[in-house]
Protein chains: 2
Amino acid sequence: MKNQTSQSIEDYLKAIYELSIKDGRVATTHLAKHLGISPASVTGMIKKLSQMEPPYLNYQKHQGVFLTEAGERIALETLRHHRLLEVFLHEILGFPWDEVHEEADKLEHVISEKFEERMAFVLGNPEHDPHGDPIPNKELNVPKATMICLSDLRPHQKAIIKRVRDKDPKLLRFLSDLGLIPNAEIEINDYSEFDGNIHLAVKNSSKNVVLGPRITDQIHVSILN
Amino acid sequence: MKNQTSQSIEDYLKAIYELSIKDGRVATTHLAKHLGISPASVTGMIKKLSQMEPPYLNYQKHQGVFLTEAGERIALETLRHHRLLEVFLHEILGFPWDEVHEEADKLEHVISEKFEERMAFVLGNPEHDPHGDPIPNKELNVPKATMICLSDLRPHQKAIIKRVRDKDPKLLRFLSDLGLIPNAEIEINDYSEFDGNIHLAVKNSSKNVVLGPRITDQIHVSILN
DNA sequence: GATAATATTTAGGTATGCCTAATTAAGAAA
DNA sequence: TTTCTTAATTAGGCATACCTAAATATTATC
Ligand SMILES: [Mn+2]
Ligand SMILES: [Mn+2]
Ligand SMILES: [Mn+2]
Ligand SMILES: [Mn+2]
């Protein structure tokens, strides 16, 4: 009599996982916005998910939700599918990195465990997706990264881009046109404290780029000594 | 205001396409059995599909259904997805040929046109799936094969296996264990007219195999002069 | 601490796609 | 042609996952 999941359920749990990393408990409206669903519908679903056996969510009226262990397992399982698929679509099928997300979002619910396993094998068990996000391993442990934002860098520092946390295809294409993709090397030239703009150069491209905090907050780097 | 399809609709249309190749019009019960759905439900769905704009089915009460052009297009589109996916799963991900069908049956509804196109490119536009079934091309034309059944062969004839029309994983595994897969070369040794059994040898395997008509009717071959 | 603004929940409804049971139509046999 | 059998349809329901509008709880502001 085990619980079974649906597309929708997996999407809810994955969204709650992602949102709760920053904020702990996740509020109904927050979740609703993230999923593009009305708050009323979200209330209905989280109520259901918190009453399943075993429950996937811990929910108290007006207090938001957080994942139970069972719920987190499904979220991570889905996230592993998603990120492996992104690598797969990019490396094997040649999708550009700004298009992998949408396709993976549909496929993640449909592939079998065998598909997952074969994919991981063919790709050599990658640890990061094309945007630099960590892929949970087979036992669903997530390698956690030290988080330095590009927005925290200051002039003369050099760094390597590790992660671009955004899903907007337009922004992603804009960044990759500038060479700003995971593993690219950059150097900070200037910082203006009033608007938080960062001026930087991309190695092997001789371009000088200026980016605002809306963007630099989403880019994680590791600093080169 | 174009019609849009769902998983279910695609499955219905694909099933009707497959069944109508043999029999022309498709009867409600026949379709119901093939889909594993109650006849009552099938009546409901085919009614709906025949009343869409444009209709996918031509339906008259108690007379069964056949595909309209619009319906056939969707059936072929889905079939192309299915069979390309089978090749893909087999060649790229290393799935055994008896497991590709189930996985492709879920994925066929979910992949984008871009996924289809990339897959076809990577595979070099294959014309047949791992069971030898023809893959509709991009314009949805189906290369049609001359149909000689293994059951029609007689002693001393040599032939190459072209197609194995069965979805049962057990049978497929049984056949591949004997080397009886598309492109294998065989020679007929004996035929017994009472039960229709065929005795044959598989090239490079020295095994002598006896198969009944239940099986040999499903295997298509091309004869070697 | 009352009130206003915002967040959340409840109530009532819709579309899909399936089910069983009861009814009716079609086709075959007498 | 009447009768029997089988096939197909209708009627009435159910589960999932959404929606809008109305009601209520929480929280922030005065
Ligand atoms: Mn998995
Ligand atoms: Mn990603
Ligand atoms: Mn297609
Ligand atoms: Mn096939």
Side-chain angles (χ1 to χ4, degrees), chain A residues 1-16 19-20 22-53 55-66 71 74 78 105-106 108-110, chain B residues 1-16 19-20 22-53 55-66 71 74 78 105-106 108-110:
Chain A
M1 288 289 147
K2 246 200 276 163
N3 264 332
Q4 53 165 19
T5 67
S6 64
Q7 256 258 25
S8 281
I9 291 177
E10 289 174 2
D11 280 335
Y12 272 84
L13 296 176
K14 192 175 60 140
I16 293 165
L19 296 178
S20 64
K22 288 229 160 169
D23 313 306
R25 272 181 183 273
V26 177
T28 304
T29 318
H30 197 187
L31 190 49
K33 283 218 181 79
H34 192 266
L35 290 168
I37 284 171
S38 77
S41 301
V42 169
T43 299
M45 181 61 110
I46 62 185
K47 229 156 119 182
K48 186 177 117 182
L49 294 176
S50 69
Q51 282 161 5
M52 306 207 322
E53 199 48 61
Y56 289 153
L57 292 181
N58 185 304
Y59 163 60
Q60 280 171 249
K61 264 188 200 173
H62 298 278
Q63 304 302 132
V65 294
F66 60 90
I74 290 168
T78 308
D105 250 354
K106 296 182 301 176
E108 63 189 8
H109 311 291
V110 170
Chain B
M1 289 287 146
K2 244 201 274 164
N3 263 333
Q4 52 164 20
T5 66
S6 64
Q7 259 253 25
S8 281
I9 290 177
E10 290 175 1
D11 280 336
Y12 272 84
L13 296 175
K14 192 175 60 139
I16 292 164
L19 295 178
S20 64
K22 288 229 157 166
D23 313 306
R25 272 181 183 274
V26 177
T28 303
T29 318
H30 196 185
L31 191 49
K33 282 218 181 78
H34 191 266
L35 290 167
I37 283 172
S38 78
S41 301
V42 169
T43 299
M45 181 60 110
I46 62 185
K47 229 156 119 180
K48 185 176 116 180
L49 294 177
S50 69
Q51 283 161 4
M52 307 208 323
E53 198 47 59
Y56 289 153
L57 292 181
N58 186 305
Y59 162 60
Q60 280 171 248
K61 264 187 199 174
H62 297 278
Q63 304 302 131
V65 293
F66 59 90
I74 291 168
T78 309
D105 250 354
K106 296 182 301 175
E108 63 189 8
H109 311 291
V110 170

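Chain letters run A, B, ... following the sequence lines, proteins first, then strands; residues in each count from 1.
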Salt bridge (charged side-chain N to carboxylate O under 4.0 Å, His left out) pairs, two or more places apart, involving residues 27-52 of chain B
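Those involving residues 27-52 of chain B do not exist here.
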
If you compare every side-chain N and O of [X] against the phosphate oxygens of [N] (OP1, OP2), does one of them come in below 4.0 Å?
| X | N | result |
| --- | --- | --- |
| T43(B) | dT9(D) | yes |
| T29(A) | dA7(C) | no |
| T28(A) | dT9(C) | yes |

What is the distance, rounded to the nearest whole Å, between atom [atom1] of [X] and atom [atom2] of [N]?
| X | N | atom1 | atom2 | value |
| --- | --- | --- | --- | --- |
| D11(A) | dT16(D) | CG | C1' | 14 Å |
| Q51(B) | dT9(D) | CD | P | 12 Å |
| L35(A) | dT8(C) | CG | P | 14 Å |
| M52(A) | dA15(D) | CE | P | 16 Å |
| K47(A) | dT10(C) | NZ | C1' | 7 Å |

Pairwise side-chain contact, [X] with [Y], heavy-atom cut-off 4.5 Å (strictly under):
| X | Y | value |
| --- | --- | --- |
| V26(B) | I46(B) | no |
| Y12(A) | I37(A) | yes |
| L13(A) | L57(A) | yes |

Under 4.0 Å between any heavy atoms, over every strand shown, what does A27(A) touch: base, sugar-phosphate, or nothing? Just pick one.
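The residue A27(A) makes sugar-phosphate contact but no base contact.
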
How long is the straight-line distance from [atom2] of [Y] back to [atom1] of [X], given to the nearest 0.5 Å?
| X | Y | atom1 | atom2 | value |
| --- | --- | --- | --- | --- |
| L31(B) | M45(B) | CG | CE | 10.0 Å |
| Y59(A) | I16(A) | OH | CD1 | 11.5 Å |
| Q7(A) | D105(A) | CD | CG | 9.0 Å |

For residues 56-63 of chain B, which residues have at least one heavy atom under 4.0 Å from DNA chain C?
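By residue number: H62(B).
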
Taking the side chain from R25(B) and the backbone from F66(B), do they hold a donor-acceptor pair closer than 3.5 Å?
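No; zero donor-acceptor contacts below 3.5 Å.
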
Under 3.5 Å side-chain donor-acceptor pair for E108(A) and T78(A)
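Short answer, no.
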
With the criterion being N/O to N/O and under 3.5 Å, what pairs connect the protein with nucleotides 15-17 of chain C, and how long is each?
residue, atom, partner, partner atom, Å
dG17(C), OP1, S6(B), OG, 2.5
dG17(C), OP2, K48(B), NZ, 2.5

